[in-house]
Amino acid sequence: MPELPEVETTRRGIFPHLISTKIIDVIVRDRRLRWPVPAKLGAALKGQYVEAIDRRAKYLLFRFQQGCMILHLGMSGSLRLLAADTPVEKHDHIDFVLENHQCLRFRDPRRFGSVHWTKADPYRHKLLDGLGPEPLNEEFNAEYLAGKAAHRKVAIKNFIMNSHVVVGVGNIYASEALFLAGIHPARAAGRISKLRLSRLVSAIKQVLTDAIAAGGTTLRDFTGGDGKPGYFKQELNVYNRTSEPCPSCGAVIRQASLGQRSTFYCPHCQR
DNA sequence: CCGGACGCCTGTCGGC
DNA sequence: TGCCGACAGGCGTCCG
């Protein structure tokens, strides 16, 4: 499910309700996520107050006075703030019970999500160390991307989905950004002019910013922390629009497979 | 180092 | 209606 806008939407939805709130219990119903939920998680969190919720790439960082919980939503994960007595449903794997009769509930049908606990700097954690820049930061710019792309033969779509190049760009927004930039998704990354890479940087920033403003993209069942869906789906130009007319030129949108993932593009606008 | 394939899971959808 | 394969928004790991 979640790409950067959905993770950010989740963060913005939950943090106002969690800041300075005490975790009084942690109920783990199924530890079998992508990696096992740490056995010590409950003991580590109980009695601690949430000091901040940050985001790095698609990871949510729950900051406590003594340590940090790193949480990834994987492909199908969600976090919702609920009344503590809300009946549990299938795939509700973890409850973080709060002092105000509320609970933060983690649901993840496919169990590709994960939860980690560290007392050290989370940015030094194995999963976060070495990640590329945040796409909305200034350090992600044309000079940076051109330097990274030099001599690379990989398809530009795979390239921008590589978290060592830039984080947070998943399958939906990669297709959308390449459409906005007018670049064919299969073009070799090292064979794109700096001017066009510059346009791609702008397109990535724009599509992610717009998607965050719309509350993310709800394709199937994504909802933010408040249970509301995202509305960016209405603004998608090519994703999931195979055989429909290109909104810009009217040509038929094509679907192809690139790096085991579906890719959507306009054969006329994207070169 | 690079590029590509694989696998972890469950749910859904389309075709027969 | 039921079965079965393909596919789904991620990403660490392994192999050549």
Side-chain angles (χ1 to χ4, degrees), chain A residues 1-10 29-37 55-60 70-79 89-94 106-116 125-132 135 147-178 185-191 204 207-208 211-212 214-224 229-236 238-243 255-264:
Chain A
M1 162 206 348
E3 300 188 31
L4 187 149
E6 291 73 46
V7 178
E8 181 62 20
T9 296
T10 297
R29 299 185 188 82
D30 195 338
R31 332 197 144 269
R32 299 171 303 158
L33 300 184
R34 176 155 196 202
W35 288 285
V37 177
R55 179 188 58 73
R56 169 69 174 122
K58 297 173 191 168
Y59 293 93
L60 288 170
I70 303 171
L71 189 149
H72 197 290
L73 297 173
M75 203 95 128
S76 59
S78 65
L79 282 172
E89 294 180 37
K90 198 175 181 184
H91 307 307
D92 287 343
H93 303 314
I94 307 177
F106 177 70
R107 174 182 296 181
D108 186 6
R110 290 174 71 182
R111 289 195 272 124
F112 284 179
S114 62
V115 179
H116 314 265
H125 190 278
K126 182 185 173 189
L127 294 173
L128 277 71
D129 190 35
L131 289 178
K148 277 275 186 185
H151 312 301
R152 297 288 297 269
K153 295 177 179 172
V154 69
I156 186 65
K157 175 168 179 266
N158 297 348
F159 184 68
I160 59 174
M161 288 179 67
N162 180 345
S163 63
H164 294 282
V165 173
V166 60
V167 301
V169 182
N171 204 36
I172 297 178
Y173 302 114
S175 280
E176 291 298 311
L178 287 165
R187 177 169 287 272
R191 299 199 54 194
I204 289 171
V207 74
L208 293 178
I212 291 169
T217 299
T218 295
L219 287 180
R220 185 165 286 152
D221 54 10
F222 169 78
T223 58
Y231 296 101
F232 194 70
K233 182 178 179 181
Q234 300 159 257
E235 300 177 44
L236 296 176
V238 290
Y239 187 84
N240 230 0
R241 296 194 184 277
T242 311
S243 302
Q255 177 172 356
S257 188
L258 219 46
Q260 331 287 94
R261 311 297 297 276
S262 288
T263 300
F264 305 86

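A, B, ... follow the sequence lines: proteins, then strands. Residue 1 opens every chain. This one's a predicted model, so the numbers in the text were calculated from it and none came from an experiment.
- In this structure a side-chain-to-backbone donor-acceptor pair under 3.5 Å is missing from D30(A) to H91(A).
- Distances shorter than 4.0 Å separate some side-chain N or O of K90(A) from OP1 or OP2 on dG11(B).
- Checked by atom type and distance alone, the side chain of E3(A) pairs as donor or acceptor with a backbone atom of N171(A) at under 3.5 Å.
- Toward the 5′ end of DNA chain B lies the nearest nucleotide of Q260(A), the other residue of the pair Q260(A) and L33(A) mapping further downstream.
- What separates CZ of R110(A) from P of dC9(B) is a distance of 12 Å, to the nearest Å.
- S76(A) has no side-chain polar atom (N or O) that falls below the 4.0 Å cut-off from OP1 or OP2 of dG11(B).
- In this structure, CE of M161(A) is placed 13 Å from P of dG12(C), rounded to the nearest angstrom.
- One can place CG of N162(A) at 13 Å from P of dC1(B), the figure rounded to the nearest angstrom.
- OP1 or OP2 of dT10(B) has at least one side-chain nitrogen or oxygen of R111(A) nearer than 4.0 Å.
- Closest to the P109(A) side chain, of the nucleotides dG9(C), dC9(B), dG11(B), is dG11(B).
- What separates NE2 of H72(A) from P of dC9(B) is a distance of 17 Å, to the nearest Å.
- We find that CD of E6(A) is positioned 12 Å from P of dC11(C), with the value rounded to whole Å.
- Interface residues of residues 148-160 of chain A facing DNA chain B, ordered by number: R152(A), K153(A), V154(A); criterion, heavy-atom separation under 4.0 Å.
- Spacing between dG9(C) and dG3(B) at atom C1', rounded to whole Å, works out to 23 Å.
- Formation of a donor-acceptor pair under 3.5 Å by the N158(A) side chain with backbone atoms of A155(A) is not found in this model.
- Taking 4.0 angstrom as the limit, R261(A) places a side-chain polar atom (N or O) nearer than this to OP1 or OP2 of dG10(C).
- If you run side-chain contact (heavy atoms from CB on, under 4.5 Å) between L258(A) and each of T263(A), I156(A), V154(A), only T263(A) comes through.
- The ring of F112(A) does not lie on top of the base of dC11(C); it is either too far (5.5 Å or more) or too tilted (30° or more).
- Between H93(A) and F106(A), the angle of the ring planes lies from 30° to 60°, which puts this pair in the tilted group.
- If S163(A) and Y239(A) are placed on DNA chain C by their nearest nucleotide, the residue sitting closer to the 5' end is Y239(A).
- The side chain of S262(A) approaches dC7(C) more closely than any other nucleotide in the set dC7(C), dC8(B), dG12(C).
- Applying the Watson-Crick and G-U wobble criteria (two distances, each under 3.5 Å), dC14(C) pairs with dG4(B).
- In this model, the phosphate group of dG9(C) is not approached by any side-chain N or O of Y173(A) to a distance below 4.0 Å at OP1 or OP2.
- Judged by distance alone, with hydrogens and angles left aside, the side-chain atoms of E176(A) form a donor-acceptor pair with the main-chain N or O of V238(A) at under 3.5 Å.
- Checked against dT10(B), dC9(B), dG12(C), the side chain of H91(A) finds its nearest nucleotide in dT10(B).
- The listed nucleotides are dA8(C), dC6(B), dG12(C); the one nearest the side chain of Y59(A) is dG12(C).
- Panel note: side chain R56(A), backbone L131(A); a donor-acceptor pair is recorded below 3.5 Å.
- When both distances must be under 3.5 Å, the Watson-Crick or G-U wobble mate of dT10(B) is dA8(C).
- If you take CD of E176(A) and C1' of dG9(C), they are 13 Å apart, rounded to a whole angstrom.
- Taking atom CG of L258(A) as the reference point, atom P of dA5(B) lies 10 Å away to the nearest angstrom.
- Look at K126(A) and you'll find a side-chain N or O under 4.0 angstrom from OP1 or OP2 of dT13(C).
- Side-chain N or O atoms of R107(A) include none that pairs as donor or acceptor with a backbone N or O of S78(A) at under 3.5 Å.
- Distances from the side chain of R34(A) to the nucleotides dG7(B), dC9(B), dC6(B) place dG7(B) closest.
- Within the nucleic acid shown, F232(A) has no heavy atom closer than 4.0 Å to any nucleic acid atom.
- At least one donor-acceptor pair closer than 3.5 Å links the side chain of S76(A) to the backbone N or O of R110(A).
- Computed from coordinates, the K233(A) NZ to dA8(C) P distance equals 14 Å when rounded to whole Å.
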